[in-house]
Number of protein chains: 2
Amino acid sequence: MRAQKLQTEIRREQIAQAALDLIGTHGLQALSIASVAERVGLVPSGIYRHFKSKDDLLSATLNLIGKRLLNNVESVRRETPDALERLRVLLMREIRLLLENQAIPRVVFSESIFSDSVDRKARVRAVITGYFQEVEKIVQEGQRKGRLRADVDPLTVVLMFKGMVLSAMVLWKVTGGSVDLVRQAEAAWELFRAAVSKAP
Amino acid sequence: MRAQKLQTEIRREQIAQAALDLIGTHGLQALSIASVAERVGLVPSGIYRHFKSKDDLLSATLNLIGKRLLNNVESVRRETPDALERLRVLLMREIRLLLENQAIPRVVFSESIFSDSVDRKARVRAVITGYFQEVEKIVQEGQRKGRLRADVDPLTVVLMFKGMVLSAMVLWKVTGGSVDLVRQAEAAWELFRAAVSKAP
DNA sequence: CTCCCATGTGAATCGTGATTCACAATTCAC
DNA sequence: GTGAATTGTGAATCACGATTCACATGGGAG
């Protein structure tokens, strides 16, 4: 059975998405050109019509991730002007994003994707630091407007914030998904809020 | 040049340690039987005198990690009876442990080691949950003795605690080590303490 | 309608890394 | 000191996965 012919732009997106899905379900190790090809209904060599190499494909996948993360922050920023509320919504949305795309933590933590090409290593950094900085901006604004404690380094607040998400993910992975992440996040949020919000 | 003949118990430990080091410096992906062999001064096939397979070796490495993590908690527990102080010391010691053994986060987060054999997957879980539970015990004791807020789920406190370490590690990796982790940890600790300690 | 180019296919190549095996050297019990 | 067991070696073997290539085909421009 021959696969339908598609324009390379469409195929590229389709293939990158397939890779993302596969990483999410089976992990980065298990990601082979063959598996990706099968998922989009192509033959392995067909992938090379659209990507120069596996490395190239991974870069595209990484871009996809970066786009989604930043989308998240941006939309939260649009939804509410209040820093505390922004963070709360962001937390919940992030938990959801990571649950749906388990590939994200895998890629971010994977040292394979991290150490392979110098180029991609730099891009991983760019994606993550970019994301950190966006959150940091929210914190800074909140401090300026007197909504958050101003006597702490914004970066520290960001770390604490990301920490909630990260450790929740670890717990999730380790328990095989038998924790109610949303509930945990809500509980953690209360602690976080107590720590960083401006005492009235 | 022929390698000195050593008893298999000694070799096993030596080899597992070499693997741990290599994972720390070059990542799990780069870990080959050949590289481990070279590091201990053996020839690749020599490894198989002491381990049934690469998988077997990874399991041993994992055990090493588990032992070190638990050691950490235990010694902290012996050093001071105060929950808050225990957590503070544990935080600092953990940062140091992870800095020295970068292999630990790599192994813990790696889905390769995670998804390969069912057996090892279970052991990873055991190691991590075991560790979580130890910290959780400390928190519970602190709550009982009125040192920590008792109106929060201990697990939530643990997650927050681990979160500090995790996100600090991410920052560290991403910035290529150009942050003062200890200083960040201290700052984060202040926030954490504010959130969880019992209001007088 | 037809030609050309982009896209898809299947077979072959190629390197890598784990694993095995027959043989060598070393150690230890006796 | 000698022999068996243990440990180390080097040369295969083996599987797997990425990549290439010559060929097939479909779809759109003219």
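In what follows, every chain begins at residue 1, and chains take the letters A, B, ... in the order their sequences are listed.
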- CZ of A:Phe51 versus P of D:dT20: gap in Å, rounded? 15 Å
- Output the distance between atom CG (B:Leu42) and atom CZ (B:Arg39), rounded to the nearest 0.5 Å. 13.5 Å
- Residues at least two apart in sequence or cross-chain that pass side chain to side chain contact (heavy atoms under 4.5 Å, CB included) with B:Arg77, listed by chain then number, are B:Arg86, B:Glu134, B:Lys137, B:Ile138, B:Glu141
- Message: Holding to side chain to side chain contact (heavy atoms under 4.5 Å, CB included), I want the full list of residues that pass it with A:Arg93, two or more places apart in sequence or in another chain.
- Response: A:Asn72, A:Ser75, A:Val76, A:Glu79, A:Val89, A:Arg96
- Scan residues 6-15 of chain B against DNA chain D and write down, sorted by residue number, each residue with any heavy atom closer than 4.0 Å; if none is found, say none. B:Leu6, B:Gln7, B:Thr8, B:Arg11
- So how far is it from B:Arg123 CZ to B:Asn63 CG, rounded to the nearest 0.5 Å? 4.5 Å
- Which one, D:dT20, C:dG17, C:dA24, comes nearest to the side chain of B:Arg2? C:dA24
- Task: Round to a whole Å and report the spacing from CG of B:Leu22 to C1' of C:dG17.
- Result: 15 Å
- Message: Looking at B:Glu38, I want to see if its CD is surrounded by more than 12 non-hydrogen atoms of other residues, nucleotides or ligands under 6.0 Å.
- Response: no
- Is there a donor-acceptor contact under 3.5 Å from the side chain of A:Gln143 to the main chain of A:Val152? yes
- Round to a whole Å and report the spacing from CD1 of B:Ile47 to C1' of D:dG10. 15 Å
- Between A:Lys52 (NZ) and D:dT19 (P), how many Å, whole number? 9 Å
- Ion pair check, B:Arg183 and B:Glu186, cut-off under 4.0 Å: no
Please list, one pair per line, the donor and acceptor atoms closer than 3.5 Å that link side chains of residues 153-166 of chain B to other protein atoms, with sequence neighbours excluded.
{"unit_1": "B:Asp153", "atom_1": "OD1", "unit_2": "B:Leu155", "atom_2": "N", "d": "2.9"}
{"unit_1": "B:Thr156", "atom_1": "OG1", "unit_2": "A:Gln184", "atom_2": "OE1", "d": "3.3"}
{"unit_1": "B:Lys162", "atom_1": "NZ", "unit_2": "B:Glu94", "atom_2": "OE2", "d": "2.2"}

- Task: Each residue besides A:Val182 in its hydrophobic cluster should be listed here, by chain and number; the cluster joins Ile, Leu, Val, Met, Phe, Trp and Tyr at side-chain heavy-atom distances under 4.5 Å.
- Result: none
- Query: Want to settle it: does B:Lys5 or A:Lys5 sit nearer the 5' end of DNA chain C, counting the closest nucleotide to each?
  - Reply: A:Lys5
- With the side chain defined as heavy atoms from C-beta on, A:Ser53 is closest, among D:dT19, C:dT20, C:dT26, to D:dT19
- Of D:dT19, C:dA18, D:dT9, the nucleotide closest to the side chain of B:Leu42 is D:dT9
- Task: Please state how far atom CD in B:Glu38 lies from atom C1' in D:dT9, giving the value in whole angstrom units.
- Result: 15 Å
- Please determine, for the side chain of A:Arg49, which listed nucleotide (D:dT19, D:dA5, C:dT7) has the closest atom? C:dT7
- Can you tell me how far P of D:dT13 sits from CD1 of B:Ile33, to the nearest Å? 21 Å
- What is the nucleic acid contact for B:Ser45, judged by heavy atoms within less than 4.0 Å: base, sugar-phosphate only, or nothing? base
- Message: Just to be sure I understand the rule, does A:Leu31 reach a base, reach only the sugar-phosphate, or reach nothing, if contact means heavy atoms closer than 4.0 Å?
- Response: sugar-phosphate
- Note on the structure: The nucleotide from C:dT19, C:dT9, D:dG8 with an atom nearest the side chain of B:Ala3 is D:dG8
- Net bend of the helix from C:dC1-D:dG30 to C:dC30-D:dG1, end axes of five pairs each, nearest 10 degrees: 10°
- Taking it one step at a time, do A:Leu87 and A:Trp189 satisfy side-chain contact (heavy atoms from CB on, under 4.5 Å)? CA-CA 9 Å; A:Leu87 290 178; A:Trp189 170 255; 3.8 Å; yes
- B:Tyr48 OH to D:dA11 P, straight-line distance once rounded to whole Å: 18 Å
- Message: Students often get this wrong, so: under 4.0 angstrom with heavy atoms, is B:Lys54 touching a base, only sugar-phosphate, or nothing?
- Response: sugar-phosphate
- Presence of A:His50 side-chain N/O under 4.0 Å of C:dA6 phosphate oxygens OP1/OP2: no
